[in-house]
Amino acid sequence: MEPLLDLSVVSTLGVAWGSPCQPCEVDHVCGKGFARTKGNICQDVNECEVFPGICTNANCRNTIGSFVCECPPGMKVDASGRTCIDVRVETCYLKHEEEECSAPISGRHRMDACCCSVGAAWGPDCEECPHQGTPEFEIICPRGPGFSSREITPGKTFSKDINECKMIPSLCKYGKCRNTIGSFKCRCDNGFALDAEERNCTDIDECRISPDVCGPGICINTPGDFECDCFEGYESGFMMMKNCMDIDECERNPLLCRGGICLNTEGSFKCECPPGHEVAPDNSACLDINECGLSTDLCRNGRCINLIGRYQCACDPGYQPSPDKLSCVDIDECEHYNGGCDSNCTNSEGSYECSCLEGYALMPDHRTCTDIDECETNPNICDGGQCTNIPGEYRCLCYDGYMASIDMKTCLDVDECELHLNICLSGSCENTKGSFICHCNPGYSGKKGSTGCTGNRQYTFYVV
């Protein structure tokens, strides 16, 4: 097949062959589309197999000595005879997003007229147009964007400029569309600018570009222009001065703030009244302020008394007026003779409290302290000893077999077995509460008055 492939190139579509490249020579025995196999035997070349993809957008069918590119319905072979072009007219769409088409243009158009201009998709199946620079785009638009193919005579085609302004009337909204060779341009009206695709004129949002264009007011964008909705106390200027300017209310109305001074401020005005006074609801005069009626937080722990231009506090027991008489402060009773308490005095908000030292209890008068007899309150407080009460506390006098704690408030058992390791010779020692027991070994016995084990008779000896 390799020789046949070489001869097939020479005998069919090829103009040169080999490495290095050599021009193809005309075979005068076999015609175009045939190749020699043995001697002068000519064999038809199947161009569809030798040159896969020779037909673009078409099916290749071999014929004797040649081949034919058969186009699908709605398509027509071009002048080269190898490429099928779409001659159907369908709807052209300007937008194609997520397999959905939108923004159809009026009329019906060929696929090349749609996709070679500004179309994004075409046809009833919403077929996306190929992107510029791809092989698919070059097939549909061989001249590039802005041109479509036209066949003026059989076998001869030419590229025609697409007049986008005429084809798509919606282009260059808020402006004028001017067709150019292979493209178009938009000239926008005042207050409008080209969008990113340079296909339409979009409104210039002066409010976004210059957020402070109105000053103290709200900028309202309008098609090709803007308006200022001024805040209270401001008004829009005239002619080109659309920004918001302050209104001098004091100058326009001399009767404002009667009994006081009118001061113009940015966007408003204020009345300067004497101390303890406020502007009347109608802003015409200065009235006394009833501070007591304005707030319930005044004079806490007391009563608010309104006066002309001011107020003062009458305080509850346990409190006294502050130096400016505008609040009530706590009286620290403990600072005066310890509040009458025997021991501890603790001040609290509006009052105070007496407390006693440890070992003493507060008497019913809530001021005097008396000693607590712990021995009487808890008879078993000195377990293993005798409790002795003393002022404010107690002491334990411990029995034999016990020892007092460091603070002498507890009797602790003495472990004789651990303290005297040989206290039970020839036997084992068992500690008991306040004493111990000797358990003698076999053959030994305890002897009265002795702590060890002697003799040959076993018995248990207890030392009390």
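Counting begins at 1 with the first residue of the sequence.
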Take C315 and Q320 through the test side chain to side chain contact (heavy atoms under 4.5 Å, CB included) and record every step on the way to the result. CA-CA 6 Å; C315 300; Q320 62 184 0; 5.6 Å; no

Let me see the working for K160 and D112 under salt bridge (charged side-chain N to carboxylate O under 4.0 Å, His left out), right down to the final yes or no. CA-CA 11 Å; K160 179 183 178 182; D112 58 348; over 6 Å; no

Worked verdict on K409 versus E393 for side chain to side chain contact (heavy atoms under 4.5 Å, CB included): CA-CA 9 Å; K409 292 186 177 181; E393 55 180 328; 3.6 Å; yes

Can L256 and F269 be said to form a side chain to side chain contact (heavy atoms under 4.5 Å, CB included), step by step? CA-CA 9 Å; L256 284 175; F269 70 97; 3.9 Å; yes

Between L194 and C188, is a side chain to side chain contact (heavy atoms under 4.5 Å, CB included) present by the stated rule, with each step listed? CA-CA 7 Å; L194 278 175; C188 298; 4.0 Å; yes

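Side chain of N431 to main chain of C417: no donor-acceptor pair is present (N/O by atom type, distance under 3.5 Å, no hydrogens or angles). Side chain of D44 to main chain of F34: no donor-acceptor pair is present (N/O by atom type, distance under 3.5 Å, no hydrogens or angles). The backbone N or O of H131 sits less than 3.5 Å from a side-chain atom of T134, completing a donor-acceptor pair. Without hydrogens or angle criteria, Y93 side chain to A121 main chain gives no donor-acceptor distance under 3.5 Å. Using a distance-only test at 3.5 Å, with no hydrogens or angles considered, a donor-acceptor pair links the side chain of D288 to the main chain of G309. Within the 3.5 Å criterion, the main-chain N or O of L294 finds no donor-acceptor partner in the side chain of N290. Panel note: side chain S210, backbone D212; no donor-acceptor pair is recorded below 3.5 Å. At least one donor-acceptor pair closer than 3.5 Å links the side chain of N338 to the backbone N or O of S343. Y311 places no side-chain N or O within 3.5 Å of a backbone atom of C304 that could act as its donor or acceptor partner. The closest donor-acceptor contact from the side chain of K242 to the backbone of C228 lies at 3.5 Å or more, if one exists at all.
Shown here are the ring-ring contact (aromatic ring centres under 6.0 Å, His included) partners of F147, two or more places apart in sequence or in another chain: there are none.
Checked by atom type, the side-chain pair N301/D330 shows no donor-acceptor distance below 3.5 Å. Using modelled atom types, one finds no donor on one side chain facing an acceptor on the other under 3.5 Å when comparing D225 with N190. Side-chain contact check for D365 and T368: at least one donor-acceptor pair (N or O, by modelled atom type) lies under 3.5 Å.
Cysteine sulfur proximity is satisfied for C101 and C126, their SG distance being under 2.5 angstrom. Pairing of C356 with C369 by a disulfide is supported, the SG atoms lying closer than 2.5 Å.
Using a 4.0 Å cut-off between a side-chain N of Lys or Arg and a carboxylate O of Asp or Glu, D383 and K433 qualify as a salt bridge.
Using a 4.5 Å heavy-atom threshold, the side chains of I247 and Y234 count as separate. Looking at K325 and C313, their side chains never come closer than 4.5 Å, going by heavy atoms from C-beta outward.
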